[in-house]
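Input: a single structure, listed below in structure tokens.
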Amino acid sequence: MAFDIDMIRAVYDRMGDRITKARQIVGRPLTFAEKILYSHLYEGNASEAYARGKSYVEFAPDRVAMQDATAQMALLQFMQAGKKTVAVPSTVHCDHLIQAEVGAQADLDKAKTNNREVYEFLSSVSNKYGIGFWKPGAGIIHQVVLENYAFPGGMMIGTDSHTPNAGGLGMIAIGVGGADAVDVMAGMAWELKFPKLIGVKLTGRLSGWTSAKDVILKVAGILTVKGGTGYIVEYFGEGAEAISCTGKSTICNMGAEIGATTSLFAYGDAMRRYLEMTDRKDIADEADKIREHLRADEEVYADPEQFYDQVIEINLSALEPHINGPFTPDAAWPISEFAQAVKEHGWPEELEVGLIGSCTNSSYEDITRAASVAQQAIDKKLKVRSEYTVTPGSEMVRYTAERDGLLEPFAEIGGVVLANACGPCIGQWARHMKDPSRKNSIITSFNRNFAKRNDGNPNTHAFVASPEIVTAMAIAGDLTFNPLKDTLRNEQGEEVMLDEPQGIEMPPKGFSVEDAGYEAPAADGSQVQVVVDPNSDRLQLLEPFKPNRPDDFQELRLLIKAKGKCTTDHISMAGPWLKYRGHLDNISNNMLIGAVNFYNEATNKVKNQLSGVYGEVPATARAYKREGIGSVVVGDDNYGEGSSREHAAMEPRFLGVKAILVKSFARIHETNLKKQGMLAITFADPADYNRIQEDDVIDILGLDNFRPDSQLTVKLTHADGSTDEFNVNHTYNEGQIGWFWAGSALNLIKQQEGV
């Protein structure tokens, strides 16, 4: 039986009535995304038609999921909320803190030793507050959620940007910061601007070397890394119906790379098969009863341009395999054009490492397709020329794949099977390089390839493709190789070609596992003690942020004017810094150390206006803070793109940054800043970015009349005494302005609860 089946039945029981009411209020047929949104309103039945991209709406998600790196801060905040237990089903998944170095078991054993304090904290907090706990080694959060918790028509939030993976099972699943998770776990409404909608019509059918991964790689090329911001992407059409459930999840997972709020597919036979194979026939039976509600109304499919804000059509029969990169996931190259692009751009042609797996591509089907290519290397007597690693998505997938002999070909060609964890995808990888200063190329089946993302090396050119393409490229060891048409010389001197990969949607003998890694919480956690050592360098109890006052925003100093792409990896790096995710003071020492300073083109080197000396960004911020001086961070377009990590918002708040002024924000990061009581503002005229000078003293005017839909004014006093003023915009509503003045959303919750 499925987890939380009574909750799921309750969602389905009310869904029909809520959709009928919403259809009457809106006055037209509904898309699938709208059906889920309107059936999860915090108020119950819809009382008004919400304006896409404008209306802030309160929702009641069905569940919360947290990975171990973000769960630490989320649960430290939840402990302050004064609640005895979580209000909705919630889980913690230990997948981020396991560093890939040698191999699965050795790496897992080392992680358990090195992170014992954190794992014990997360386990005890989960036990106390009624939260399901998935031990290290159980698998990557998104694959485990897909196998156990996702259900068609549901709504969940997760403290990881790739939470939309569950859209492959017809669920609206949205990545958020920890403060949002605290709201929902505390029984409060969760607020979201009602998304706009992009419809992607898929025709034809995938075949040959082309896979589900190529659909989202193509979409990323069309929409770019910010083209989906503020949108839900809804896939439909005959092509969508034919894609496997885990293939659908791959597409939804990487929708985070276009900035989409989430992505989803309608319920269909592929989802039913997956639910049945993962011992959730009870959910499939319930879903079948309301199948009409788990898809868009037929009028939508008949005339999609009338119901979506934008429609994209892709013919899967004509779709080529894609390779995206380097340095950004939206640089999309069809395989037929990629070799020429490599040569024209001067990217290193030698491929040093191929890595498959991660939360995006680690299903049984993915492994079978990659294994079929690896087996060809053995059969055709090809010598693999690149290093090669495999990261299973869950213990269930790994155990089943091992049982079915799928891991043997990887080992035989020299591949290393890593622990069921995020590993290299998030920089948790001890890469072996003799000379990190040289340019080099790697290719992965992961989702992100920002500079320094995978191995911390700015000289690494990382490319993204499907697991089978990655495997073929690793065999060739050459970025210019096209497996669809090129030959390889084998050990006997013969020219051979790789055949098309062969995949199996789900294991013929069913899934199997000895220990999935789940620990249920205590029925009554009131006597469970959660202890945090005050001398720990890994965990630190939180002190509430102070309320804001208008005069706090006078005579501020410029901390950094970031140039170009500034993702959450630039603002708060992962990799070795993951160990401090539960200690705000310590992890704040990585704040903005990856951002490029506009004035000197350097990273982690900014001018301290008090001393005139250039130093590290965190140290400079601390110097201002010690003197009671606030600071401002200025940034470019799509600031905060990437991971959901709220540390990128909490660190500036902790170190005395008062405002973040940018050309535009990524959705999750803007919300995280608001939740932590930060002032998140954008240039009314993006050209005003050029007015900011290195020695400016900055005043933010108009906060004494801070209200929705109003502008604020930034006054710059330059070093020569001259001044500049310009208007800036914000997107705060009344409730978010309440967070701001209280000092954080959590502060306001505590005030309202009388805690």
Side-chain angles (χ1 to χ4, degrees), residues 224-227 229-230 259 327-328 330 450-451 553-572 591-609 614 617 620-621 624 630-642 648-649 652 656-674 678-703 710-732:
T224 77
V225 292
K226 60 180 181 177
T229 302
F327 305 130
T328 184
D330 59 353
F450 305 139
F553 295 80
Q554 305 297 305
E555 298 188 4
L556 309 175
R557 301 303 192 273
L558 177 68
L559 179 62
I560 185 172
K561 180 177 176 180
K563 180 179 179 180
K565 187 183 285 289
C566 192
T567 72
T568 50
D569 280 299
H570 295 87
I571 304 167
S572 176
M591 185 189 73
L592 285 159
I593 64 176
V596 175
N597 184 0
F598 178 89
Y599 300 104
N600 58 14
E601 301 284 333
T603 57
N604 203 22
K605 189 176 182 181
V606 296
K607 186 175 182 179
N608 181 333
Q609 291 188 41
Y614 284 83
V617 182
T620 305
Y624 292 146
S631 56
V632 176
V633 170
V634 174
D636 217 317
D637 271 314
N638 209 29
Y639 183 88
E641 166 192 348
V657 176
K658 298 298 183 182
I660 310 290
L661 170 59
V662 300
K663 294 179 181 177
S664 64
F665 284 105
R667 175 190 63 85
I668 299 177
H669 187 62
E670 182 179 24
T671 300
N672 286 346
L673 290 168
K674 292 178 178 179
M678 292 286 291
L679 184 63
I681 48 181
T682 57
F683 293 99
D685 179 357
D688 289 334
Y689 171 89
N690 297 316
R691 295 200 200 187
I692 309 287
Q693 297 179 20
E694 190 172 27
D695 294 305
D696 282 345
V697 175
I698 303 170
D699 297 323
I700 299 174
L701 310 176
L703 283 169
S710 66
Q711 289 185 315
L712 299 172
T713 300
V714 169
K715 177 184 176 182
L716 306 176
T717 301
H718 303 307
D720 62 2
S722 63
T723 61
D724 244 334
E725 287 191 10
F726 53 83
N727 291 331
V728 293
N729 298 328
H730 70 85
T731 61
Y732 289 76

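Residue numbers count from 1 along this sequence.
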Legend entry - Spacing of H570 atom NE2 and K565 atom NZ [to the nearest 0.5 Å]: 8.0 Å

Legend entry - Residues in side chain to side chain donor-acceptor pair (under 3.5 Å) contact with T731, at least two apart in sequence or another chain: E670, K674

Inset, instruction - Only counting residues at least two apart or in another chain, list the ones meeting side chain to side chain donor-acceptor pair (under 3.5 Å) with T671. - result: none

Inset, instruction - Look at E601 together with K563 and state whether they make a salt bridge at an N to O cut-off of under 4.0 Å. - result: yes

Legend entry - Derivation of the salt bridge (Lys or Arg N to Asp or Glu O under 4.0 Å) call for D695 and K607: CA-CA 8 Å; D695 294 305; K607 186 175 182 179; 3.0 Å; yes

Inset, instruction - Could you check V632 against R557 for side chain to side chain contact (heavy atoms under 4.5 Å, CB included), going step by step and ending with a plain yes or no? - result: CA-CA 6 Å; V632 176; R557 301 303 192 273; over 6 Å; no

Inset, instruction - Name all residues meeting the side chain to side chain contact (heavy atoms under 4.5 Å, CB included) criterion together with N690; count only those two or more places apart in sequence or in a different chain, and write none if there are none. - result: none

Legend entry - Atom pair CG (L661) and NE2 (H730), whose distance is rounded to the nearest 0.5 Å: 13.5 Å

Legend entry - For the student: nearest non-hydrogen atoms of M678 and V657, plus distance: SD-O, 3.2 Å

Inset, instruction - Take T224 and D330, measure what side chain to side chain donor-acceptor pair (under 3.5 Å) needs, and give me the verdict at the end. - result: CA-CA 5 Å; T224 77; D330 59 353; 4.5 Å; no

Legend entry - D636 versus G564, closest heavy-atom pair with distance: OD2-N, 3.2 Å

Legend entry - From M591 atom CE to N604 atom CG, the distance as rounded to the nearest 0.5 Å: 9.5 Å

Inset, instruction - Nearest 0.5 Å please: distance from the CG atom of N727 over to the CG atom of D685. - result: 10.0 Å

Inset, instruction - Working to the nearest 0.5 Å, report the span between CG of L701 and CD of Q554. - result: 6.0 Å

Inset, instruction - Rounded to the nearest 0.5 Å, what's the gap from CG on L558 to CD on E694? Could you check? - result: 7.5 Å

Legend entry - Partner residues of N600 under the side chain to side chain contact (heavy atoms under 4.5 Å, CB included) criterion, sequence neighbours left out: N597, A602, K605, Y614

Inset, instruction - Just jot down the side chain to side chain contact (heavy atoms under 4.5 Å, CB included) partners of D696, sequence neighbours excluded, or say none. - result: I692, Q693, I698, L716, H718

Inset, instruction - Check whether any side-chain heavy atom of L556 lies under 4.5 Å from a side-chain heavy atom of V697, and answer yes or no. - result: no

Legend entry - Any pair counted as salt bridge (Lys or Arg N to Asp or Glu O under 4.0 Å), so long as it reaches residues 716-732, sequence neighbours left out: R691-D724

Inset, instruction - Output yes when a side-chain donor or acceptor of R667 lies under 3.5 Å from a complementary backbone atom of F665, and no otherwise. - result: no

Legend entry - K561 side chain vs Y689 backbone, donor-acceptor pair below 3.5 Å: yes

Legend entry - Counterpart residues, ring-ring contact (aromatic ring centres under 6.0 Å, His included), relative to F726 (two or more places apart): F683

Legend entry - Those residues that, when tested against N729, pass side chain to side chain donor-acceptor pair (under 3.5 Å) (two or more places apart): Q711

Inset, instruction - Taking side chain to side chain donor-acceptor pair (under 3.5 Å) as the test, write out the residues that go with T682, two or more places apart. - result: none

Inset, instruction - Flag the pair I560 / F598 as yes when at least one side-chain heavy-atom distance between them is below 4.5 Å, and no otherwise. - result: no

Inset, instruction - Check whether any side-chain heavy atom of T713 sits under 4.5 Å from a side-chain heavy atom of V728, and report yes or no. - result: no

Legend entry - ring-ring contact (aromatic ring centres under 6.0 Å, His included) against F553, all qualifying residues, sequence neighbours excluded: F740

Inset, instruction - Give the minimum heavy-atom separation between A680 and Y732, together with the two atoms involved. - result: N-OH, 2.8 Å

Legend entry - Nearest non-hydrogen partners of T568 and G642, listed with the distance: OG1-C, 3.7 Å

Legend entry - ring-ring contact (aromatic ring centres under 6.0 Å, His included) partners for F450, two or more places apart: none

Inset, instruction - Kindly give the heavy-atom pair with the smallest separation between D699 and E555, and that separation in Å. - result: OD1-N, 2.5 Å

Legend entry - Test item: side-chain donor near acceptor, S664 and D637, under 3.5 Å: yes

Inset, instruction - Kindly write out the residues that satisfy side chain to side chain contact (heavy atoms under 4.5 Å, CB included) with I571, not counting sequence neighbours, or none if the list is empty. - result: C566, L592, Y639, A648, H669

Inset, instruction - Decide side chain to side chain contact (heavy atoms under 4.5 Å, CB included) for I681 and I700; before the verdict, give the C-alpha distance in whole Å, the side-chain angles of both, and the deciding distance to 0.1 Å. - result: CA-CA 10 Å; I681 48 181; I700 299 174; 4.2 Å; yes

